[in-house]
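Numbering of ligands and ligand atoms starts at 1, following listing order.
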Amino acid sequence: MRLVLVGPPGAGKGTQAARLAEEFSIPTISTGDIFRANAKGETPLGKKAQEYMSVGALVPDEVTNAMVKDRLGRDDLHTGFLLDGYPRNAEQAVELDGMLAELGVELDAVLEITADPEEVTKRLLNRARLEGRMDDTEDVIRKRLEVYIESTAPVTAFYDGRGLLVRVDGIGEVDDVTSRIVAALDAR
Ligand code: B4P
């Protein structure tokens, strides 16, 4: 199973990725998690990523693409993978095509988790209270939503045109959303 997970900030990508990785026994590759781990470790990559994440912008493509290429080249992906939060713009989608062609593999599905801006803002502000993530402030959330509409929404159209897109409603209990996703993937 080779999956891509997209959706607005706060739709539940990270939340569902952890469950789907277990359900399908595949590793998750989350660009956001890799950036955050590097930021915490104060590595050069982390310092660079933090400049962009803290203002809600996308980390530059050359940094992100090289990081994903390196990760996809490792030998623990025999059962597949779940790409969480990548690709996030049309350029990254084209890059990913090239990486997969080099590896001789194809995506099985691109899963879009949908949720309206009011709901995701509420969730992210709640997470800010619990975890204090640097990009969960009201201004930065607004910026992340704008970036999503401008840069990431076209990615779903790109994959829809190829018949790969599976759209699932992300509103409701976490378990219910997981069941919806698994049912939608099974139905393919
Ligand atoms: P991400 O780490 O991908 O962060 P995100 O979009 O906010 O989603 P996340 O997975 O964390 O949250 P989730 O929706 O699960 O990206 C962060 C930043 O990294 C980006 O802004 C960018 O700067 C950079 N970045 C990442 N990938 C990049 C790329 N490819 N190119 C360039 N830059 C990149 O959960 C949110 C909250 O909702 C949680 O508190 C959760 O508990 C809650 N929640 C989830 N499901 C729920 C439900 N059903 N009901 C109620 N609450 C729910």
Side-chain angles (χ1 to χ4, degrees), residues 3-21 28-40 45-72 81-96 99 110-156 158 168-182:
L3 290 176
V4 161
L5 194 53
V6 294
K13 295 187 297 295
T15 306
Q16 296 300 330
R19 289 152 167 264
L20 296 174
T28 299
I29 303 171
S30 162
T31 42
D33 283 353
I34 301 173
F35 289 139
R36 275 187 293 278
N38 275 276
K40 202 170 167 205
L45 170 66
K47 285 180 187 162
K48 176 113 192 142
Q50 190 155 5
E51 282 174 40
Y52 296 89
M53 293 171 84
S54 60
V55 292
L58 294 182
V59 178
D61 285 348
E62 61 270 23
V63 176
T64 310
N65 290 332
M67 187 178 85
V68 173
K69 186 165 188 198
D70 174 67
R71 181 65 189 84
L72 284 176
F81 54 78
L82 173 59
L83 271 172
D84 165 15
Y86 181 93
R88 237 172 167 100
N89 60 26
E91 292 76 13
Q92 292 182 5
V94 171
E95 262 320 291
L96 177 61
M99 293 178 212
V110 173
L111 188 67
E112 180 190 11
I113 305 181
T114 61
D116 54 81
E118 292 74 29
E119 170 71 14
V120 300
T121 303
K122 197 174 80 191
R123 288 181 187 179
L124 295 174
L125 290 175
N126 187 42
R127 182 168 69 185
R129 275 191 293 276
L130 300 172
E131 296 175 21
R133 221 170 93 170
M134 65 181 164
D135 56 348
D136 283 343
T137 63
E138 209 154 350
D139 284 352
V140 179
I141 292 168
R142 198 173 310 117
K143 173 71 181 164
R144 286 158 67 197
L145 283 167
E146 281 168 21
V147 169
Y148 183 77
I149 291 163
E150 272 167 37
S151 302
T152 312
V155 172
T156 60
F158 175 88
V168 174
D169 181 5
I171 305 292
E173 295 295 321
V174 172
D175 282 347
D176 294 340
V177 177
T178 309
S179 304
R180 262 177 234 153
I181 293 172
V182 172

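Checked by distance only, ligand 1 and Asp84 stay at 3.5 Å or farther apart across all their nitrogen or oxygen atoms. Taking distance alone, with nitrogen or oxygen atoms compared against 3.5 Å, Leu58 stays at or beyond that limit from ligand 1. Inclusion of Ala11 in the set of residues having an N or O under 3.5 Å from an N or O of ligand 1 is warranted. Annotation: Glu119 places no N or O atom under 3.5 Å from an N or O atom of ligand 1; distance criterion only. Some N or O of Arg127 is nearer than 3.5 Å to an N or O of ligand 1, by distance alone. The distance criterion of under 3.5 Å between nitrogen or oxygen atoms is met by Arg144 with respect to ligand 1. Looking at Gly172 next to ligand 1, an N or O pair under 3.5 Å apart turns up. The N/O atoms of Thr31, backbone and side chain alike, include one that comes under 3.5 Å of an N/O atom in ligand 1. Of the polar atoms of Phe35, none of the N or O atoms is found under 3.5 Å from an N or O of ligand 1, judged by distance alone. Residue-to-ligand polar distances place Lys13 within reach of ligand 1: an N/O pair is separated by less than 3.5 Å.
Within a 6.0 Å radius of CD in Glu51, more than 12 heavy atoms belonging to other residues, nucleotides or ligands are found.
For Met53, heavy-atom contacts with ligand 1 shorter than 4.0 Å involve the backbone as well as the side chain. Counting heavy atoms closer than 4.0 Å to ligand 1, residue Glu51 contributes nothing at all. Counting heavy atoms closer than 4.0 Å to ligand 1, residue Gln92 contributes side-chain atoms (C-beta onward) but none from N, CA, C or O. Contact annotation: for Thr64 versus ligand 1, heavy atoms closer than 4.0 Å belong to the side chain alone. Residue-level proximity to ligand 1 for Asn89 is absent, since no heavy atom of it falls below 4.0 angstrom.
Panel note: side chain Thr156, backbone Thr152; no donor-acceptor pair is recorded below 3.5 Å. Under the 3.5 Å distance criterion, the side-chain polar atoms of Lys13 are left unmatched by any main-chain donor or acceptor of Gly85. Side-chain N or O atoms of Asn126 include none that pairs as donor or acceptor with a backbone N or O of Lys122 at under 3.5 Å.
Residue Leu124 has at least one heavy-atom neighbour below 4.0 Å for each of these atoms of ligand 1: 36 (C). Those atoms of ligand 1 that come under 4.0 Å of a heavy atom in Arg36, given as number and element, are 2 (O), 17 (C). Listed by number with element, the atoms of ligand 1 under 4.0 angstrom from any heavy atom of Tyr86 are 30 (N). Those atoms of ligand 1 with a heavy atom of Ala57 less than 4.0 angstrom away are 22 (C), 23 (O). Proximity to Gly170 (heavy-atom distance under 4.0 Å) selects the following atoms of ligand 1: 49 (N).
In terms of protein heavy atoms, atom 26 (C) of ligand 1 is closest to Arg88 NH1, 3.4 Å. Nearest protein neighbour of atom 46 (N) of ligand 1, counting heavy atoms only, is Arg123 NH1, 3.5 Å. The shortest contact between atom 42 (O) of ligand 1 and any protein heavy atom is with Thr15 OG1, 4.1 Å. Given atom 14 (O) of ligand 1, the protein heavy atom at minimum distance is Gly12 N, 2.6 Å.
Proximity of Arg133 to ligand 1 is established by a heavy-atom distance of less than 4.0 Å.
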